[in-house]
Asker: 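One structure follows; several queries about it will come next.
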Amino acid sequence: MRIAVIGGGPGGLYFAYLWKKRHPDAEIDLFEQNAAGATWGFGVVFSEQALDFLRADDPETVDAITPRMESWKNITLNLRGESVEIDGVGFSSIGRLALLTILQERVRSTGITPRFDTSVQSVDELRGYDLIVAADGLNSMVRRGHEAAFGASVSQSSNKFAWYGTTKPFATLSQTFVATDRGSFNAHHYRYAKDMSTFLVECDAATWAAYGFADKSIEESQAICEDVFAATLDGHRLISNKSVWRNFPWIWNERWSHGNMVLIGDALHSAHFSIGSGTRLAIEDAIALTKALETENGIAAALARYEVERKPIVKKLVTAARTSADWYEHFPAHMKHDLMDFAYSYITRSGRIDDARLRAMSPAFMARYEAAKGRS
């Protein structure tokens, strides 16, 4: 089978690697518009089990990634100079570039030579391929060229965010909420290396407008964010990497394939950064697509199976992500609560955690919360 993979992010790289490893005779061309060492952003985060879903089928890749990861067991919330830890909510993280480099090495180990600095402008350039795997991200050329066929839906959250890094290493995945005289900010921050952390700054539209960010340069915006979070950064600077203000894009497609084209990862769906599942979803898409292609005899049947089996799983997580994002759309209002009510609202925001589960998952936090509320 002759396959074109568009996009050299985690989903595209992993699909190319996995298929070629299991089907050495396949012909796979992977096209990535950016250079091999280029990436936007800093660290990516996984839930506590991180790569356990890969362990059974691909221990070599897990063993390559795991030593480069940072891990912790708690979430820390900071509000009005007070902090609370929510125990039992573990995460792991890795630098995005480090992850891409590892996956690029895995791809090359199968004999594939990725075509970096190569932009595919139209699927018409890909005639002759049996399958086109569109892993080309939020602005997918493949999806945009066939929006009606895919049943594509694209919208944006109203909040603004800018993705920075910093040399301050944070002990856990943390959220710091700061009220100023012109509005409220939130920072999502966590270390992804011994000496580097992601520092994603978020604010609502009213705050963004009050600060005049629309007329500010990247450097001016960065300076304002450093000032707002001076206490959190503790003398460290923010680091920019195309750190412009953005609205989070919501991507969904009712139909996951069209002809011999199939979508995976952010080209297919987006999950809000507040639940930290985008990279894992992309890799799981690649695995599901591989298994569907191996199960069915024809490509059309395989793509149908991929959608039928994978869609309910993704839809459940995306629904939770939207509920989580809605909490952030109103975080200035939540900040009016006392620390413990605020923390409880935060950890239950997606609707997937009730009191019984929270007691089992985070016993220390729940004991503190219920004591504060005078409950037993």
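In this text, all values refer to a predicted model and were calculated from it rather than measured experimentally.
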Asker: Can you tell me how the ring of W327 sits relative to the ring of F342, calling it parallel under 30°, perpendicular over 60° and tilted otherwise?
Answerer: tilted
Asker: Apart from I218 itself, what residues make up its hydrophobic cluster when side-chain heavy atoms of I, L, V, M, F, W and Y under 4.5 Å apart count as a link, directly or indirectly?
Answerer: V244
Asker: Ignoring hydrogens and angles, write down the donor-acceptor pairs under 3.5 Å from the side chains of residues 7-14, residues two or more places apart or on other chains.
Answerer:
from: Y14; atom 1: OH; to: D58; atom 2: OD2; distance (Å): 2.5

Asker: Is the backbone of L339 close enough, under 3.5 Å, to the side chain of E82 for a donor and an acceptor to pair up by distance?
Answerer: no
Asker: When you measure from the centre of the six-membered ring of F365, is the NZ or CZ of R368 under 6.0 Å away and within 45° of the axis?
Answerer: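 Ring-cation test returns no.
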Asker: Quick one: CD1 on I102 to CZ on R68, what's the gap to the nearest 0.5 Å?
Answerer: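 Here the interatomic distance stands at 5.0 Å.
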Asker: Does any N or O in the side chain of N74 come within less than 3.5 Å of the main-chain N or O of E85, such that one atom is a donor and the other an acceptor?
Answerer: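 No.
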Asker: Residues two or more places apart in sequence or in another chain: which of them pass salt bridge (Lys or Arg N to Asp or Glu O under 4.0 Å) with R310?
Answerer: E284, D285
Asker: Using a cut-off of 6.0 Å, state whether more than 12 heavy atoms not belonging to R246 lie near its atom CZ.
Answerer: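 Above 12, so yes.
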Asker: Could you go step by step and tell me if I347 and S362 meet the side-chain contact (heavy atoms from CB on, under 4.5 Å) rule?
Answerer: CA-CA 10 Å; I347 197 61; S362 308; 5.5 Å; no
Asker: Without swapping roles, check the side chain of S243 against the backbone of W163 for a donor-acceptor pair under 3.5 Å.
Answerer: yes
Asker: Are side-chain N/O atoms of H188 and N186 paired as donor and acceptor at under 3.5 Å?
Answerer: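 Side-chain D/A pair, H188 to N186: present.
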Asker: Could you pull out all residues at least two apart from R2 that satisfy salt bridge (Lys or Arg N to Asp or Glu O under 4.0 Å)?
Answerer: E27
Asker: Quick one about D326 and T323 (side-chain donor to acceptor, distance below 3.5 Å, no hydrogens or angles considered), yes or no?
Answerer: no
Asker: Measure the spacing between CG of L103 and CD1 of I65 and express it to the nearest 0.5 Å.
Answerer: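 These two atoms lie 5.0 Å from each other.
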Asker: Main chain of D195, side chain of T167: is a donor-acceptor contact present, judged purely on distance under 3.5 Å?
Answerer: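 Checking the backbone N and O of D195 against the side chain of T167, no donor-acceptor pair under 3.5 Å is found.
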Asker: So, for F177 and F331, is the gap between ring centers shorter than 6.0 Å?
Answerer: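 Aromatic pair counts; centres sit under 6.0 Å.
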Asker: Can you tell me how far OG of S197 sits from CD of E70, rounded to the nearest 0.5 angstrom?
Answerer: 9.0 Å
Asker: Can you sort out the partners of L97 under side-chain contact (heavy atoms from CB on, under 4.5 Å), two or more places apart, ordered by chain and number?
Answerer: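 Checked L97 against side-chain contact (heavy atoms from CB on, under 4.5 Å); matches are T39, T101.
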Asker: With clusters defined by side-chain heavy atoms of hydrophobic residues (ILVMFWY) lying less than 4.5 Å apart, directly or transitively, does L131 cluster with V120?
Answerer: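 The answer is yes; both residues are in one hydrophobic cluster.
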Asker: Look at the aromatic rings of W245 and F213 and report parallel, tilted or perpendicular, splitting at 30° and 60°.
Answerer: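 W245 vs F213 ring planes: tilted.
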Asker: Should W72 and S93 be marked as a side-chain contact (heavy atoms from CB on, under 4.5 Å) after you check the CA-CA gap, both sets of side-chain angles, and the distance that decides it?
Answerer: CA-CA 9 Å; W72 53 89; S93 64; 3.4 Å; yes
Asker: Are D63 and R55 close enough for a salt bridge, meaning some N to O gap below 4.0 Å?
Answerer: yes
Asker: Within this structure, what is the NZ-CE distance for the pair K168 and M196, rounded to the nearest 0.5 Å?
Answerer: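 Between atom NZ of K168 and atom CE of M196 there are 14.0 Å.
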Asker: For the ring pair F229 and Y164, is the centre-to-centre distance below 6.0 Å?
Answerer: no
Asker: Look only at the side chain of S270 and the backbone of P249, and say whether a donor-acceptor pair between them is shorter than 3.5 Å.
Answerer: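 It does hold such a pair.
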Asker: Scan side-chain atoms only and decide if D136 and S140 contain a donor-acceptor pair under the 3.5 Å cut-off.
Answerer: yes
Asker: Does a side chain donor of either T172 or T76 reach within less than 3.5 Å of an acceptor in the other side chain?
Answerer: yes
Asker: Who pairs with Y129 by ring-ring contact (aromatic ring centres under 6.0 Å, His included), at least two apart in sequence or on another chain?
Answerer: none
Asker: Under the ring-ring contact (aromatic ring centres under 6.0 Å, His included) rule, collect the residues that match up with Y192, sequence neighbours excluded.
Answerer: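 Applying ring-ring contact (aromatic ring centres under 6.0 Å, His included) to Y192 gives none.
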Asker: E125: which residues meet the salt bridge (Lys or Arg N to Asp or Glu O under 4.0 Å) condition with it, sequence neighbours left out?
Answerer: none
Asker: So with a 6.0 Å cut-off around NZ of K291, is the heavy-atom count from everything else above 12?
Answerer: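 No.
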Asker: Around R237, counting heavy atoms of other residues, nucleotides and ligands shown, do more than 12 lie under 6.0 Å from its CZ?
Answerer: no
Asker: Which residues satisfy the side-chain hydrogen bond (donor to acceptor under 3.5 Å, both in side chains) test with K311, sequence neighbours excluded?
Answerer: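 Once residues adjacent in sequence are excluded, the partners of K311 under the side-chain hydrogen bond (donor to acceptor under 3.5 Å, both in side chains) criterion are E307.
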Asker: Please identify each residue that fulfils ring-ring contact (aromatic ring centres under 6.0 Å, His included) with Y306, with sequence neighbours left out.
Answerer: W256
Asker: Say whether F170 and I94 are linked into one hydrophobic cluster, either directly or through other cluster members, by side-chain heavy-atom distances under 4.5 angstrom.
Answerer: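 They do not share one cluster, since no chain of ILVMFWY contacts under 4.5 Å joins F170 to I94.
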Asker: Mind checking what makes salt bridge (Lys or Arg N to Asp or Glu O under 4.0 Å) contact with D338, not counting sequence neighbours?
Answerer: K373
Asker: For R322 and T319: C-alpha separation, side-chain torsions, deciding distance, then whether side-chain contact (heavy atoms from CB on, under 4.5 Å) applies.
Answerer: CA-CA 5 Å; R322 283 187 174 271; T319 298; 5.8 Å; no
Asker: Return the CG to OG1 distance between D354 and T348, rounded to the nearest 0.5 Å.
Answerer: 10.0 Å
Asker: Can you name the closest pair of heavy atoms from S274 and A325 and give their distance?
Answerer: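 S274 and A325 have their closest heavy atoms at OG-N, 4.3 Å.
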Asker: Is the closest basic N to carboxylate O distance between D57 and R22 below 4.0 Å?
Answerer: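 No, D57 and R22 are not salt-bridged.
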Asker: Group every Ile, Leu, Val, Met, Phe, Trp and Tyr by side-chain heavy-atom contacts under 4.5 Å, then state whether V314 and V308 land in the same group.
Answerer: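 Per the 4.5 Å side-chain linkage, V314 and V308 are not co-clustered.
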Asker: Should we count CG of D124 as having more than 12 external heavy atoms under 6.0 Å?
Answerer: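 Count over threshold, so yes.
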Asker: Side chains of S83 and N78 only: does a donor on one sit below 3.5 Å from an acceptor on the other?
Answerer: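 Side chains of S83 and N78: pair found under 3.5 Å.
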Asker: For the residue pair F248 and W250, is the inter-centroid distance of their aromatic rings smaller than 6.0 Å?
Answerer: yes
Asker: Assign the ring pair H258 / H146 to parallel, tilted or perpendicular, where the plane angle (0 to 90°) is split at 30° and 60°.
Answerer: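 The rings of H258 and H146 sit tilted, inter-plane angle from 30° to 60°.
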Asker: Should Y211 and L200 be counted in the same cluster of Ile, Leu, Val, Met, Phe, Trp and Tyr side chains packed under 4.5 Å apart?
Answerer: no
Asker: Look at the rings of H334 and H337 and say which category their plane angle falls in: under 30° parallel, 30 to 60° tilted, over 60° perpendicular.
Answerer: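 Plane angle between 30° and 60°, so tilted.
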Asker: Is F31 linked to Y17 within one hydrophobic cluster, defined over Ile, Leu, Val, Met, Phe, Trp and Tyr using a side-chain heavy-atom separation of less than 4.5 Å?
Answerer: yes
Asker: Distance to the ring centre below 6.0 angstrom and angle to the axis at most 45 degrees; does that hold for R280 and F46?
Answerer: no
Asker: Hey, what else clusters with V154 if you join Ile, Leu, Val, Met, Phe, Trp, Tyr whenever side-chain heavy atoms sit under 4.5 Å?
Answerer: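 Taking Ile, Leu, Val, Met, Phe, Trp and Tyr as members, V154 shares its hydrophobic cluster with L138, I251.
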